[in-house]
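Here is the naming used below: chain letters follow the sequence lines, and residue numbers restart at 1 for every chain.
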There are 2 protein chains.
Amino acid sequence: MTSEQVITVHGERELAARTVPLFTGVTSEFICAATDLDTWSHRDTRPRMRPALAEDGLVVRKLYTPAAPAEEEQRDHLLTLVGMGARVRICATGLPNETIIIDRRVMILAGAATPGDREFTITTSPTLINGVYALFEATWEAATELTAYLHRDPPQVDAEGRRILRALGDGLTDEVAARRLGLSLRTYRRRVAELMRLLGSESRFQAGVHAGEFGLIP
Amino acid sequence: MTSEQVITVHGERELAARTVPLFTGVTSEFICAATDLDTWSHRDTRPRMRPALAEDGLVVRKLYTPAAPAEEEQRDHLLTLVGMGARVRICATGLPNETIIIDRRVMILAGAATPGDREFTITTSPTLINGVYALFEATWEAATELTAYLHRDPPQVDAEGRRILRALGDGLTDEVAARRLGLSLRTYRRRVAELMRLLGSESRFQAGVHAGEFGLIP
DNA sequence: GGAGCAATGGCAGGTTGCTGCCAGGCGTTG
DNA sequence: CAACGCCTGGCAGCAACCTGCCATTGCTCC
């Protein structure tokens, strides 16, 4: 039996001191998963990433929630990254605390956002890293490419719309669904027509496919 | 700055010695992600799980790849677990090395299956665990319930069926689609009805959702 | 208050989708 | 050949869905 160290640092200051050499020394792969861009790694790596990305052989993968491309500034930055060769995907389901894996040798996990300093852990344990790496792969596979994600019209569906989509997804007839949602048949169908226009669908089947693709049928 | 230990053990023997008390001491949540059931945790926990599951308040979540329910024996075992109150989901995309999180306080990650002994790491670092936990959540959300997964008839859709699904997904009316596929309207609708029965759908919208879920609309 | 506006819901008449029934074609089997 | 089963496609009738029109309601703004 052996034991390995997991270094825990408090606050971004201390973290930066320890990780700057890591970021500049990336050779083969840089992986990052986070909810949005408003994180230390964003602020920290932006100036340093550019030269690294220019080289060949370096894979940069970034995984975010839909919150990231929601704001224009962040979306533009993401597109810039894509233009520089990074691969960016959006994951419809909730995402982890920030996770970074460098060259599959070093991993940094961010703790919960507490009022005081945040905690970060840095580890080099191959077993730990491989485990998290595989988990990341699974999430990555299920996510959609940023470009494809932005290509879709922003499906801004409100709560009622989602209830209607759920009714449709449950296979209810319009009459039953309308009654269940407290709408008149006419209004329900109006809503459905609006949703179909919103989804760019020309038939209910197609609308079902689209709604599924947008993750609106949970 | 503090540092925490990650214990690395070699071989299942040594692991069992360290983890048996953990397994028996589960109080609130037991999470397991793996490719299939042929793992140490399966062999190890089967006898001990039963009483724990009987109690209320204990959540057991298990995440597997489609390989797990492929074999009848394993499928039966999974269904038994479900019957005992565990939640089992199947993740279409690749899955991690075996991961176990107990009460969100202890985490065990399995290393790669090397010819010799396997490595396992045991850690209690909250930051590490929370990070992996959130990653697990994301994968879990994207996965489908075992019962729903088994409920699907094996979506054995032949080439014509897929052409029809594509026509539906393109939003064509039955008349246009039938003409384009060289079928009579009647036969086309027969096919659609068959597909809907196959997909377990009660409306075309629902069929669209299901077809999308099965990846039949590329 | 009254004009304007947006949302609602009833109605009517249309299209589309769904299915039972039956007639015909085609290959297999006795 | 005849009988049988299977698939096809036309027809008819029904159910479901779609939408234009208009009266009503509730709201803001002048």
Working for salt bridge (Lys or Arg N to Asp or Glu O under 4.0 Å), residues B/Glu194 and B/Arg191 | CA-CA 5 Å; B/Glu194 288 165 9; B/Arg191 293 284 173 280; 3.5 Å; yes

What is the distance from CZ of B/Arg191 to C1' of D/dC7, rounded to the nearest Å?
-> 8 Å

B/Thr187 vs D/dG9: side-chain N/O to OP1/OP2 distance below 4.0 Å = yes

Starting from C1' on D/dT8, measure out to CD1 on B/Ile164 and report it in whole angstrom.
-> 13 Å

Separation of A/Tyr188 atom OH from D/dT19 atom P, in whole Å?
-> 14 Å

Could you tell me the separation between the CD atom of A/Glu202 and the P atom of D/dC17, rounded to a whole number of Å?
-> 19 Å

Residues in salt bridge (charged side-chain N to carboxylate O under 4.0 Å, His left out) with B/Arg61, at least two apart?
-> B/Glu29, B/Glu137

Measure the shortest side-chain to side-chain distance between B/Phe205 and A/Leu165 over non-hydrogen atoms and say whether it is less than 4.5 angstrom.
-> yes

Can you find a pair of side-chain heavy atoms, one from A/Arg179 and one from A/Leu185, that are under 4.5 Å apart?
-> no

Does a side-chain heavy-atom distance below 4.5 Å link B/Arg190 with B/Tyr188?
-> no

Is the shortest heavy-atom distance from the side chain of A/Thr144 to the side chain of A/Arg89 under 4.5 Å?
-> no

Between protein and nucleotides 16-20 of chain C, what N or O pairs are separated by less than 3.5 Å?
from: C/dG17; atom 1: OP1; to: B/Asp174; atom 2: OD1; distance (Å): 3.4
from: C/dG17; atom 1: OP2; to: B/Asp174; atom 2: N; distance (Å): 3.0
from: C/dG17; atom 1: O3'; to: B/Arg204; atom 2: NE; distance (Å): 3.4
from: C/dC18; atom 1: OP1; to: B/Arg204; atom 2: NE; distance (Å): 3.3
from: C/dC18; atom 1: OP2; to: B/Arg204; atom 2: NE; distance (Å): 2.4
from: C/dC18; atom 1: OP2; to: B/Arg204; atom 2: NH2; distance (Å): 2.1
from: C/dC18; atom 1: N4; to: B/Arg189; atom 2: NH1; distance (Å): 3.3
from: C/dG20; atom 1: N7; to: B/Arg186; atom 2: NH2; distance (Å): 3.3
from: C/dG20; atom 1: O6; to: B/Arg186; atom 2: NE; distance (Å): 2.6
from: C/dG20; atom 1: O6; to: B/Arg186; atom 2: NH2; distance (Å): 3.4

